[in-house]
Number of protein chains: 2
Amino acid sequence: MTDRARTGDDPPPPATAPAHLDPGDPVDAIALAWLRERPGTPVTGIGIVTRLWHAAKLLGEDRRRVLAAAGQDTATLDLLSVLRRSGPPYRLTTRELAERTMVTPGAVSQRVARAEQEGLVERAAPAPGSRAVAVTLTDRGHEVVESLVDRVLAREADLVSGLAPEQQRALAELLRVLLADLHTRLGDRPISQVGTEPPGRSG
Amino acid sequence: MTDRARTGDDPPPPATAPAHLDPGDPVDAIALAWLRERPGTPVTGIGIVTRLWHAAKLLGEDRRRVLAAAGQDTATLDLLSVLRRSGPPYRLTTRELAERTMVTPGAVSQRVARAEQEGLVERAAPAPGSRAVAVTLTDRGHEVVESLVDRVLAREADLVSGLAPEQQRALAELLRVLLADLHTRLGDRPISQVGTEPPGRSG
DNA sequence: CTGCTATCGTTTAGACCTAAACGTACGTCA
DNA sequence: TGACGTACGTTTAGGTCTAAACGATAGCAG
């Protein structure tokens, strides 16, 4: 932070440095460092990918802190939110939860177990002709969502308010296009994300 | 995936649904579901925040898969990359590594321990008048970086190529502005990110 | 020189996740 | 109706991260 200039990531622009990269920007500095050390390194994606990860990390950490202060965690709120948003009877199967929260069925099983222990959800026995376990929001779980959702979402709306309304719209639209394209390229997994809940460690 | 329409996230637009939200888009559907269930929910940030997390997750999973196929993991490549990019003598202290990779010192300690066990880095005893442990890239570590960086970065450049060049530039620029603003709002932690390495589970 | 304090790095405890191995229960096809 | 394949959920093993407790040391003040 104090003397990064000497050590590498923000280097003196080499003779061949692309004009688009600003040595003063932390992310551009990464691309420039690669080019300085290994001319020809394909740095094209860094400007988007690294910033995406970086922003996701900052926002995720912030949500975690906000929820930790309220005695909750992101994984649980994610689960409760999906159920709450699904509307009455606030009941979904494990598989639906996995798809909507973008985590593996195993992770959902663990999340549900934790939330169940806190009395926030209940597991109902599989319906007669099915083996799908239904997970239902309890009254207590419902209360928890109500008490946290506005706080969390308002906080995040505020965090992106540094961008002007048109910029926010432009950014959201570009991300929408990128996301749609990524889905087609990567083999369209479900979707969703609670509108709540930072990305798991990707993995 | 098949019948999401019935269960909630993509609801029939309520009378008060904002014109900007498209019920057919998975992320907009989340905002619409909140508005349907809880009119007044501050959904403004969802279009950006959720998409950001979602894209970060997809890209992170992809990198993890690419590296797993090559017998490596993202955390280790992140470490090696920062050292490689810093230029000769490819040596940084634990603290510098923590700042540049945006993870806690404890995580760096664990990463270094793992990489050291694989013979990819070495821990040098603290210099005489200091307690800063220097971590250095070994020849083997250097080779590993060289063999993986181009593959990983080229792959990611390709993944964002669905956006036209001007769109990529516009997206990168908006993210740059957002990131700068987030840093000022959240208490400017260091920076960096290897240009390599998906976000830890955010928090 | 003696003790305080700030700084560093490591260790530990607790969360959480993925991948994969497991049980089970359907449904089907002979 | 009996065996098989499949879908679903849970469990287990392994890995990573953060937060916080620790241990040790350098710099300073008295």
Side-chain angles (χ1 to χ4, degrees), chain A residues 1-2 53 56-58 60-65 67-69 71-79 92-99 101-118 121 123-135 189 197-203, chain B residues 1-2 57 60-65 67-69 71-79 92-99 101-118 123-135 189 197-203:
Chain A
M1 200 90 222
T2 50
W53 279 336
K57 175 149 190 158
L58 291 176
E61 285 175 347
D62 186 76
R63 172 175 288 191
R64 190 161 41 79
R65 275 191 297 271
L67 287 177
Q72 265 303 329
D73 63 272
T74 57
T76 301
L77 181 61
D78 188 26
L79 172 65
L92 294 171
T93 67
T94 295
R95 186 145 300 273
E96 287 173 321
L97 288 170
E99 289 172 358
T101 56
M102 301 203 349
V103 295
T104 61
V108 171
S109 191
Q110 294 174 41
R111 285 182 177 190
V112 170
R114 288 192 297 266
E116 192 172 33
Q117 220 165 1
E118 288 185 77
V121 302
R123 258 187 265 232
S130 157
R131 63 241 142 252
V133 174
V135 177
R189 308 127 187 287
E197 163 67 352
R201 66 171 327 287
S202 291
Chain B
M1 224 69 249
T2 51
K57 174 150 189 157
E61 284 175 346
D62 187 75
R63 173 176 287 193
R64 189 163 42 78
R65 274 192 296 272
L67 287 177
Q72 266 304 329
D73 63 272
T74 58
T76 300
L77 180 61
D78 189 24
L79 171 65
L92 295 171
T93 67
T94 296
R95 187 147 296 275
E96 288 173 319
L97 289 170
E99 290 172 357
T101 56
M102 298 204 349
V103 295
T104 61
V108 170
S109 191
Q110 293 174 40
R111 285 183 177 190
V112 170
R114 289 192 296 268
E116 192 173 32
Q117 220 165 2
E118 287 187 77
R123 258 187 266 231
S130 156
R131 63 241 144 257
V133 175
V135 178
R189 308 129 186 286
E197 163 69 352
R201 66 173 325 293
S202 287

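Below, read A as the first sequence line, B as the second, and so on, with proteins coming before strands; counting in each chain starts at 1. Given the structure is predicted, the values throughout are model-derived calculations rather than measurements.
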When you check the phosphate oxygens OP1 and OP2 of [N], does a side-chain N or O of [X] lie under 4.0 Å from one of them?
X	N	answer
B:Lys57	C:dC17	no
A:Arg95	D:dG9	yes
B:Arg64	D:dG15	no
A:Arg111	C:dT18	no

Report summary line: Testing D:dT16, C:dT18, D:dA19 for proximity to the side chain of A:Val103, the answer is C:dT18
Atom-to-atom span, [atom1] of [X] to [atom2] of [N] - whole angstrom:
X	N	atom1	atom2	answer
B:Arg114	C:dT10	CZ	C1'	14 Å
A:Glu99	D:dC8	CD	P	9 Å
A:Asp73	D:dT18	CG	C1'	13 Å
B:Glu61	C:dC16	CD	C1'	15 Å
A:Leu97	D:dC8	CG	C1'	13 Å
B:Leu79	D:dC17	CG	P	10 Å
B:Gln117	D:dG14	CD	C1'	14 Å
B:Glu116	C:dT10	CD	C1'	13 Å

Requested in this report: Check whether any side-chain heavy atom of A:Val108 lies under 4.5 Å from a side-chain heavy atom of A:Val112, and answer yes or no.
Outcome: yes
Query - Side-chain touch B:Leu79/B:Arg114, heavy atoms, less than 4.5 angstrom - result: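 A side-chain contact is absent here, since even the closest heavy-atom pair is not under 4.5 Å.
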Query - Contact summary for A:Thr104 and A:Ala98, nearest pair of heavy atoms - result: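 What the structure gives for the nearest pair is C-CB, 4.3 Å.
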**Report entry** Distance-minimising heavy-atom pair for A:Val103 and B:Lys57
**Finding:** CG1-NZ, 3.9 Å
Requested in this report: Return the set of residues passing side chain to side chain contact (heavy atoms under 4.5 Å, CB included) with A:Asp73 (not counting sequence neighbours), or none when no residue passes.
Outcome: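 Expected list: A:Ala75, A:Thr76.
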Requested in this report: Please name all residues satisfying side chain to side chain contact (heavy atoms under 4.5 Å, CB included) with A:Ser109, sequence neighbours left out, ordered by chain then number.
Outcome: A:Arg123
**Report entry** Atom pair CZ/OG1 of A:Arg111 and A:Thr94 - distance to nearest 0.5 Å
**Finding:**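 One finds 12.5 Å between CZ of A:Arg111 and OG1 of A:Thr94.
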Grab the N/O contacts between the protein and nucleotides 10-13 of chain D below 3.5 Å, and write none if there aren't any.
| from | atom 1 | to | atom 2 | distance (Å) |
| --- | --- | --- | --- | --- |
| D:dT10 | OP1 | A:Arg123 | NH1 | 2.3 |
| D:dT10 | OP2 | A:Ser109 | OG | 3.0 |
| D:dT10 | OP2 | A:Arg123 | NH1 | 3.4 |
| D:dT10 | O5' | A:Ser109 | OG | 3.2 |
| D:dT12 | O4 | A:Gln110 | NE2 | 3.3 |

